[in-house]
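Predicted model, so just to flag it, every value in this text is computed and none were measured. Residues take their numbers from the sequence shown, with the count starting at 1.
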Amino acid sequence: MKIWSTEHVFSYPWETVIKAAMRKYPNPMNPNVVGVDVLDRGLDAEGRLHSHRLLSTEWGLPAIVRAILGTSQTQTYVKEHSIVDPEEKKMELCSKNITLTNLISVDERLVYRPHPDNSDVTILTQEAIITVKGVSLTSYLEGMMARRMSANARKVTRHKEDIYIYASSELRC
């Protein structure tokens, strides 16, 4: 098992970031998520919005990982559950792959909160637990996947603000 985490600060208030986060996929700046289906959405007794979605992704795995795992599959599906608490100003999103679970599991958790010192900005904390099962070189593969997530996060960090601006602009249409 490998644990990976990162943090990003958005230059926008929590409400703006949350609205954009709910609409960020699919978008032309991140073509890896090719489809999003809302399976269920509703309010609980405390006024929190619960959403269950299915994401269709085309992330693909590095060729060496596919060779070790013995699969050529590149399309994967992810189940996602989010809770938006407008009273506490917190959004928590948990996702888990439902494809290739006999070989790999990636459990990801994102939490969006207003910055404690500046309510005009939002902090995103993101963590993932990566587990590879039933093959040799497990630790190597988990490390490789964590490094790839880190590299993607660095790449995406440059575009995260653009993605959220794009998603926010879609809200105004």
Side-chain angles (χ1 to χ4, degrees), residues 1-12 16-41 51-84 91-112 122-133 135 140-171 173:
M1 172 173 47
K2 190 77 168 174
I3 299 172
W4 171 85
S5 64
T6 188
E7 186 174 280
H8 181 77
V9 177
F10 292 98
S11 304
Y12 297 94
T16 302
V17 172
I18 296 315
K19 287 175 188 174
M22 296 299 288
R23 295 185 50 118
K24 71 179 178 180
Y25 297 124
N27 75 66
M29 291 179 224
N30 186 350
N32 299 17
V33 178
V34 296
V36 177
D37 294 299
V38 177
L39 305 176
D40 186 42
R41 183 170 281 159
S51 297
H52 294 269
R53 304 192 305 177
L54 177 67
L55 282 65
S56 305
T57 67
E58 218 14 272
W59 290 100
L61 296 169
I64 189 167
V65 175
R66 286 195 312 270
I68 293 170
L69 296 176
T71 184
S72 60
Q73 189 166 351
T74 60
Q75 188 168 29
T76 58
Y77 296 94
V78 175
K79 66 179 178 178
E80 176 189 276
H81 176 242
S82 63
I83 303 171
V84 179
M91 176 180 172
E92 183 172 352
L93 185 149
C94 296
S95 63
K96 181 176 180 70
N97 64 299
I98 56 175
T99 307
L100 299 173
T101 55
N102 59 323
L103 300 171
I104 301 170
S105 75
V106 179
D107 292 288
E108 189 173 26
R109 180 174 178 256
L110 291 83
V111 177
Y112 297 83
T122 303
I123 298 174
L124 163 63
T125 55
Q126 183 178 4
E127 62 187 22
I129 299 172
I130 304 159
T131 308
V132 176
K133 310 170 218 170
V135 296
Y140 170 76
L141 291 172
E142 291 169 347
M144 175 188 278
M145 291 179 71
R147 286 188 297 279
R148 186 169 183 195
M149 286 182 87
S150 291
N152 286 342
R154 282 192 301 273
K155 248 192 302 188
V156 170
T157 296
R158 290 192 303 261
H159 300 292
K160 250 180 195 161
E161 296 284 336
D162 294 336
I163 289 170
Y164 280 81
I165 293 299
Y166 171 81
S168 293
S169 69
E170 291 292 307
L171 290 170
C173 296

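Note that CD1 of I3 and OG1 of T131 are 9.0 Å apart. Values are rounded to the nearest 0.5 Å. The structure places CG of L124 at 5.0 Å from CZ of F10, a figure rounded to the nearest 0.5 Å. Distance check: S51 OG to L39 CG gives 10.0 Å after rounding to the nearest 0.5 Å. Taken from OG in S82 to CG in L110, the straight-line distance is 10.5 Å, to the nearest 0.5 Å. H52 NE2 to K79 NZ: the interatomic distance, rounded to the nearest 0.5 Å, is 10.0 Å. For the atom pair CD of E80 and CG of D37, the computed distance is 11.5 Å after rounding to the nearest 0.5 Å.
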Could you check T125 against V111 for side-chain contact (heavy atoms from CB on, under 4.5 Å), going step by step and ending with a plain yes or no?
CA-CA 5 Å; T125 55; V111 177; 3.6 Å; yes

What's the verdict on side-chain contact (heavy atoms from CB on, under 4.5 Å) for I98 and L54, showing C-alpha distance, side-chain angles and the deciding distance?
CA-CA 9 Å; I98 56 175; L54 177 67; 3.6 Å; yes

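Taking the side chain as every heavy atom from C-beta outward, M22 and V84 approach each other to under 4.5 Å. Using a 4.5 Å heavy-atom cutoff, the side chains of R41 and R53 are in contact. Between T57 and N32, every side-chain heavy-atom pair lies at or beyond the 4.5 Å cut-off. Residues P26 and V34 have side chains not in contact (no heavy-atom distance under 4.5 Å, counting atoms from C-beta outward).
Within the 3.5 Å criterion, the main-chain N or O of Q126 finds no donor-acceptor partner in the side chain of T6. For N97 (side chain) and T76 (main-chain N/O), no donor-acceptor pair under 3.5 Å exists by modelled atom type. A distance-only check finds no donor-acceptor pair linking the side chain of K2 to the backbone of V132 [under 3.5 Å].
Residues passing the salt bridge (charged side-chain N to carboxylate O under 4.0 Å, His left out) test with R109, sequence neighbours excluded: E92, E127.
Taking each heavy atom of T99 and Y77 in turn, the nearest pair found is OG1-N, 2.8 Å.
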